[in-house]
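One structure below.
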Amino acid sequence: MQSLQKSIQSVIDSGRIGSPVFLRSMLQLPVKDISIEHATNILITLANLWMPSSPESIQARRSPDSIQLTTMIRYLGGQTAVLSVNRVSADQTVSIDLQLIGNKGAIYHETPSSRHHNQEFIIDLTETTDQSQLVQQSMDSGQWVKWEEV
């Protein structure tokens, strides 16, 4: 995940996509791996690194069967992030599908890149800041929650 973060950040820093305005990310996570809450925290951390303004509010929803957690973040500058973590069967590998749209272009990233991908793709999901209280508060209330640094 760190190499993905650096790669995307280098494109942002180069100015090729302009200023980021929308992020959509879907992470497929095998059952045997870490919790979807922890993976969601990592996606939130990445989104906050890439967006040019601070988060304003957050909303989270979990599927009734607890295999999907979707989080939406609104930023003070009008940007938006939609982040989804989904459980897949234990025999599948971790994959991420990411779209970052800027005011001058877009970045698309999918790993593994196809069903013929023959290398194990490992995402390091250990480094993150913890927004779990905000996510849980939104899930409990069913409402947008004002962003507060935790």
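What you see is a predicted model; the values in this text were computed from it and never measured.
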In terms of heavy-atom contacts, Ile17 and Ala106 come closest through CG2-N, 3.7 Å
Distance col, row Asp91:CG vs Thr93:OG1, nearest 0.5 angstrom, shows 9.5 Å
Met51 side chain reached by Ile73 side chain, heavy atoms, under 4.5 Å | no
Do you know the tightest heavy-atom contact between Thr80 and Tyr75?
-> N-CD1, 4.2 Å
CD (Gln79) and CD (Glu56) are apart, to the nearest 0.5 Å, by 10.5 Å
Can you check whether Asp97 reaches Arg24 side chain to side chain, under 4.5 Å on heavy atoms?
-> yes
So do Leu46 and Ile8 actually touch side chain to side chain, heavy atoms under 4.5 Å?
-> no
Answer yes or no: is there a side-chain heavy-atom contact under 4.5 Å between Thr71 and Leu43?
-> no
Specify the closest pair of heavy atoms between Asn48 and Pro55, including all atoms of both residues, with the distance to one decimal.
-> OD1-CG, 3.8 Å
Measure the CD-CD distance between Glu110 and Gln99 for me, rounded to the nearest 0.5 Å.
-> 11.5 Å
State whether the side chain of Ser57 and the backbone N or O of Val145 hold a donor-acceptor pair below 3.5 Å, judged by distance alone.
-> no
So do Trp144 and Met72 actually touch side chain to side chain, heavy atoms under 4.5 Å?
-> yes
Indicate yes or no: at least one non-hydrogen side-chain atom of Val88 is less than 4.5 angstrom from one of Pro30.
-> yes
Gln28 side chain reached by Ser95 side chain, heavy atoms, under 4.5 Å = yes
For Met139 and Arg61, the nearest pair of non-hydrogen atoms, with its separation, is CG-N, 4.2 Å
Looking only at heavy atoms, the pair that brings Gln59 and Gln143 closest together is NE2-C, 3.8 Å
Return yes if some donor-acceptor pair links the side-chain N/O of Ser138 with the main-chain N/O of Val135 below 3.5 Å, else return no.
-> no
Is there a path from Leu83 to Val21 through hydrophobic residues (I, L, V, M, F, W, Y) whose side chains come within less than 4.5 Å of each other?
-> no
Contacts satisfying side chain to side chain donor-acceptor pair (under 3.5 Å) that involve residues 11-20 (not counting sequence neighbours) are Gln9-Asp13
Any side-chain heavy atom of Gln137 sitting closer than 4.5 Å to one from Ile58?
-> no
In terms of heavy-atom contacts, Leu29 and Ser35 come closest through CD2-O, 4.0 Å
Output, in order, the C-alpha distance, side-chain angles, deciding distance and verdict of side chain to side chain contact (heavy atoms under 4.5 Å, CB included) for Leu100 and Val11.
-> CA-CA 11 Å; Leu100 180 62; Val11 173; over 6 Å; no
Check the hydrophobic clustering (I, L, V, M, F, W, Y; side-chain heavy atoms under 4.5 Å; chains of links allowed) and say if Met26 and Trp50 are grouped together.
-> no
Distance from Ser89 atom OG to Arg87 atom CZ, nearest 0.5 Å?
-> 11.5 Å
Report whether Leu49 and Ile96 are members of the same hydrophobic cluster (ILVMFWY, side-chain heavy atoms less than 4.5 Å apart, transitive linking).
-> yes
Measure the CG-CD1 distance between Leu27 and Ile42 for me, rounded to the nearest 0.5 Å.
-> 8.5 Å
For Gln68, the side chain to side chain contact (heavy atoms under 4.5 Å, CB included) test, sequence neighbours excluded, returns Ser63, Thr70, Ser84, Asn86
